[in-house]
S.K.: 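To start, I am sharing the structure in question, which I have written as structure tokens.
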Number of protein chains: 2
Amino acid sequence: MINVRKTAKSKPIPAIVLHRMALYHCLLTDWLLAGRNNSTTSKELANTIGVTDATVRNDLSYLGDETGVRGVGYSISSLRGLLGRFLTLPPSAPIAFVGSTKALGSIFSFFPPEKFGFIATAFFSEDPSDRGTVVNGHEVHSIEAISPALGNLGIKVAVVATLPNWIQHSVNLLAKAGIKGVLIITPSTEVMIPDGVKVLHIRIPCDLKTLLYHANLGEEEEPSSFEMVL
Amino acid sequence: MINVRKTAKSKPIPAIVLHRMALYHCLLTDWLLAGRNNSTTSKELANTIGVTDATVRNDLSYLGDETGVRGVGYSISSLRGLLGRFLTLPPSAPIAFVGSTKALGSIFSFFPPEKFGFIATAFFSEDPSDRGTVVNGHEVHSIEAISPALGNLGIKVAVVATLPNWIQHSVNLLAKAGIKGVLIITPSTEVMIPDGVKVLHIRIPCDLKTLLYHANLGEEEEPSSFEMVL
DNA sequence: TAGATTGTTAATCGATTAACAATC
DNA sequence: TAGATTGTTAATCGATTAACAATC
């Protein structure tokens with residue numbers, strides 16, 4: 001089989017570069033929404049996200065040739081277009097949500113999907129009292145109702161925010177339904193990942209523990225003891 | 001000044017190692033809560049979180065000597081203790097929450113702080129209609145009320161889930177109040193980070209875009225064209 | 001003792017960066 | 001043209017890993 005994907009470099013893209021690609025796309029989208037549509041430079045992108053300009057240019061080289069213009073920079077809108085095509089983002093990507101309406105409804109309060117290029121079109125809850133509820137014009141189904149019908153809706157990724165003991169079952173059903181990517185928001189450390197599915201975890205407790213380490217750096221020992229002198 | 005922190009290696013710990021430290025701590029906590037309290041090995045830890053056993057042992061070497069027992073492995077409870085001390089985790093760490101009660105109340109549905117070694121003891125909302133509400137036995141204050149009094153409560157880290165336009169202001173006030181670590185959950189790409197504060201971002205839209213890339217890998221071009229033959 | 005697993009070093013791997021020719 | 005910035009290479013940096021002596 002021939003190398004089909006038209007990347008400038010034919011090697012698989014490192015995960016960290018891919019993550020920055022998504023971040024560039026988010027950032028450029030923000031700029032466009034804020035009414036900005038001139039050029040930017042690798043230096044500006046680098047400063048904004050906290051890497052070097054060389055890293056940015058290296059990352060963008062995965063997009064192919066003629067990405068920027070020497071001496072000028074990158075067109076914000078066309079760079080965003082290239083990134084979107086590279087990431088295979090449609091204008092609005094349908095996603096499924098799994099979790100109680102309480103959890104999901106409130107995720108929407110800080111992450112309204114439509115504002116970020118997504119559209120929530122399928123809902124599944126582990127809470128029996130959610131049965132029959134309508135969210136965003138879509139009926140909330142039981143988790144058992146997760147089925148390959150999702151594929152017909154064009155849904156390829158799902159967000160999982162169930163109670164912990166429902167995570168594994170949800171992931172298994174999503175995988176069987178042909179879902180290719182799952183973002184797990186409920187803190188969890190042990191999830192068996194079925195073949196053919198990419199799973200990302202958000203881990204709020206781990207992040208907070210990391211922050212606590214930084215918060216107490218250099219404060220652990222009293223600076224007043226004798227032993228410190230030597 | 002003498003190197004105060006008692007790490008085996010005196011170099012600053014790489015961010016990625018620190019992150020795995022927090023993850024080991026979360027994992028061991030899960031195991032203990034599940035009633036397991038025998039030994040584990042670097043191999044088991046490695047398999048569970050998806051790295052090699054050498055990486056695990058290398059990571060744990062930051063904890064000091066006598067971490068494990070040759071030929072045997074690591075005691076789950078004492079390794080957890082060492083990690084907790086290294087990360088400077090108290091039995092229960094007080095945290096502040098900034099955001100509307102709708103957003104915060106529902107974050108608690110998938111992240112109940114007490115279940116993860118945290119205790120939410122201060123609340124600040126940008127929503128005027130939240131004024132006077134009581135959450136977890138604590139009155140919800142306005143964002144302007146963020147003050148150095150937080151330090152007296154022992155609060156060193158905060159979670160921010162406000163609407164986007166309140167993020168920067170919240171972070172600024174938290175920094176001025178002496179908060180050392182902030183976890184921003186509301187998607188955002190441009191936040192100026194004040195000196196002396198460590199900020200982590202959760203970026204649901206970026207994560208979903210990354211997943212979409214994986215979801216469509218290898219599907220972009222029809223495999224039926226002539227040009228594919230050669 | 002034989003088997004297992006740690007702790008650690010040295011080798012490898014891969015990502016970041018400096019630097020600069022190309023070029024707008 | 002002079003100034004700016006890209007695209008890319010080669011050098012650097014740092015993290016991962018293989019391997020094995022130490023030791024339970």
Side-chain angles (χ1 to χ4, degrees), chain A residues 6-24 27-28 31 38-83 86 210, chain B residues 6-24 27-28 31 38-83 86 210:
Chain A
K6 287 202 206 101
T7 50
K9 310 180 179 183
S10 56
K11 292 183 253 179
I13 186 168
I16 193 161
V17 175
L18 182 59
H19 182 258
R20 282 196 298 262
M21 294 286 217
L23 186 51
Y24 299 138
L27 177 59
L28 294 170
W31 284 350
N38 47 356
S39 280
T40 183
T41 63
S42 56
K43 190 138 189 16
E44 185 184 24
L45 288 166
N47 291 153
T48 310
I49 79 163
V51 295
T52 65
D53 55 336
T55 297
V56 170
R57 291 197 299 277
N58 201 33
D59 288 351
L60 297 183
S61 75
Y62 283 91
L63 297 175
D65 298 331
E66 306 177 20
T67 309
V69 181
R70 287 170 200 233
V72 179
Y74 303 88
S75 149
I76 292 182
S77 62
S78 62
L79 182 56
R80 177 176 179 276
L82 284 172
L83 285 161
F86 181 84
T210 302
Chain B
K6 288 205 205 94
T7 50
K9 310 182 179 181
S10 56
K11 290 183 257 180
I13 186 169
I16 192 161
V17 174
L18 182 60
H19 183 258
R20 282 196 298 262
M21 294 287 216
L23 186 51
Y24 299 138
L27 178 59
L28 294 170
W31 283 350
N38 47 357
S39 281
T40 183
T41 62
S42 56
K43 190 138 187 20
E44 185 185 23
L45 287 166
N47 290 153
T48 310
I49 78 163
V51 296
T52 67
D53 54 337
T55 296
V56 170
R57 292 197 299 277
N58 201 34
D59 288 352
L60 298 183
S61 74
Y62 283 90
L63 297 175
D65 299 332
E66 307 176 20
T67 308
V69 181
R70 285 170 203 235
V72 178
Y74 304 88
S75 149
I76 291 181
S77 62
S78 62
L79 182 56
R80 178 176 178 276
L82 285 172
L83 285 162
F86 181 84
T210 302

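Every chain is numbered from 1 and lettered A, B, ... according to where its sequence line falls, protein lines coming before strand lines.
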S.K.: Have a look at Arg20(B) and tell me which of Leu27(B), Val51(B), Leu45(B) forms a side chain to side chain contact (heavy atoms under 4.5 Å, CB included) with it.
M.R.: Val51(B)
S.K.: Could you tell me whether Ile16(B) contacts a base, only the sugar-phosphate backbone, or nothing, with contacts defined as non-hydrogen atoms closer than 4.0 Å?
M.R.: sugar-phosphate
S.K.: In the strands shown, is dT23(D) matched to any nucleotide by a Watson-Crick or G-U wobble pair with both distances under 3.5 Å, and which?
M.R.: dA4(C)
S.K.: Measure from CE on Met21(B) to C1' on dA15(D) and round the result to the nearest Å.
M.R.: 14 Å
S.K.: Are Ser42(B) and Leu60(B) packed together at the side-chain level, in the sense that at least one heavy-atom pair is separated by less than 4.5 angstrom?
M.R.: no
S.K.: Given that Gly71(A) and Thr41(B) both sit by DNA chain C, which one's nearest nucleotide is further toward the 5' end?
M.R.: Thr41(B)
S.K.: Could you tell me whether the side chain of Ser78(B) and the main chain of Gly81(B) form a donor-acceptor pair under 3.5 Å?
M.R.: no
S.K.: Taking CG from Leu18(A) and C1' from dG14(C), how many angstroms apart are they, rounded to a whole number?
M.R.: 17 Å
S.K.: Round to the nearest Å and state the distance from Leu45(A) atom CG to dT17(C) atom C1'.
M.R.: 17 Å
S.K.: Can you tell me if Thr52(A) touches the phosphate of dT17(C), counting only side-chain N or O atoms and a distance under 4.0 Å to OP1 or OP2?
M.R.: yes
S.K.: Can you check whether Ser61(A) has a side-chain N or O nearer than 4.0 Å to OP1 or OP2 of dT8(D)?
M.R.: no
S.K.: Taking only side-chain nitrogens and oxygens of Arg20(A), does any of them come within less than 4.0 Å of OP1 or OP2 of dT16(C)?
M.R.: yes
S.K.: Please give me the minimum heavy-atom distance between Leu63(B) and Met21(B), naming the atom from each residue.
M.R.: CD2-CE, 4.0 Å
S.K.: For Tyr74(A) and dG7(D), is the shortest distance between a side-chain N/O and OP1 or OP2 below 4.0 Å?
M.R.: yes
S.K.: Going by purine N1 to pyrimidine N3 plus the second Watson-Crick contact, or the G-U wobble pair, all under 3.5 Å, which nucleotide sits opposite dT17(D)?
M.R.: dA10(C)
S.K.: Send over the distance from Glu66(B) CD to dA22(D) P, rounded to a whole Å.
M.R.: 18 Å
S.K.: Nearest-nucleotide wise, let me know which of Val72(B) and Pro14(A) is further upstream toward the 5' end of DNA chain C.
M.R.: Val72(B)
S.K.: Rounded to whole angstroms, how far apart are CG on Asn58(A) and C1' on dA15(C)?
M.R.: 9 Å
S.K.: In whole angstrom, what separates Asp65(A)'s CG from dT23(C)'s P?
M.R.: 12 Å
S.K.: State whether Arg57(B) places a side-chain N or O below 4.0 Å from either non-bridging phosphate oxygen (OP1 or OP2) of dT6(C).
M.R.: yes
S.K.: When the distance from OH of Tyr62(B) to P of dT6(C) is rounded to whole Å, what number comes out?
M.R.: 18 Å
S.K.: Between atom CD1 in Ile13(A) and atom P in dT16(C), what is the gap in whole Å?
M.R.: 11 Å
S.K.: Return the nearest nucleotide to the side chain of Arg70(A); candidates are dT17(C), dT6(C), dA21(C).
M.R.: dA21(C)
S.K.: Starting from the C-alpha separation in whole Å, work towards a yes-or-no answer on side chain to side chain contact (heavy atoms under 4.5 Å, CB included) for Phe86(B) and Leu82(B).
M.R.: CA-CA 6 Å; Phe86(B) 181 84; Leu82(B) 285 172; over 6 Å; no
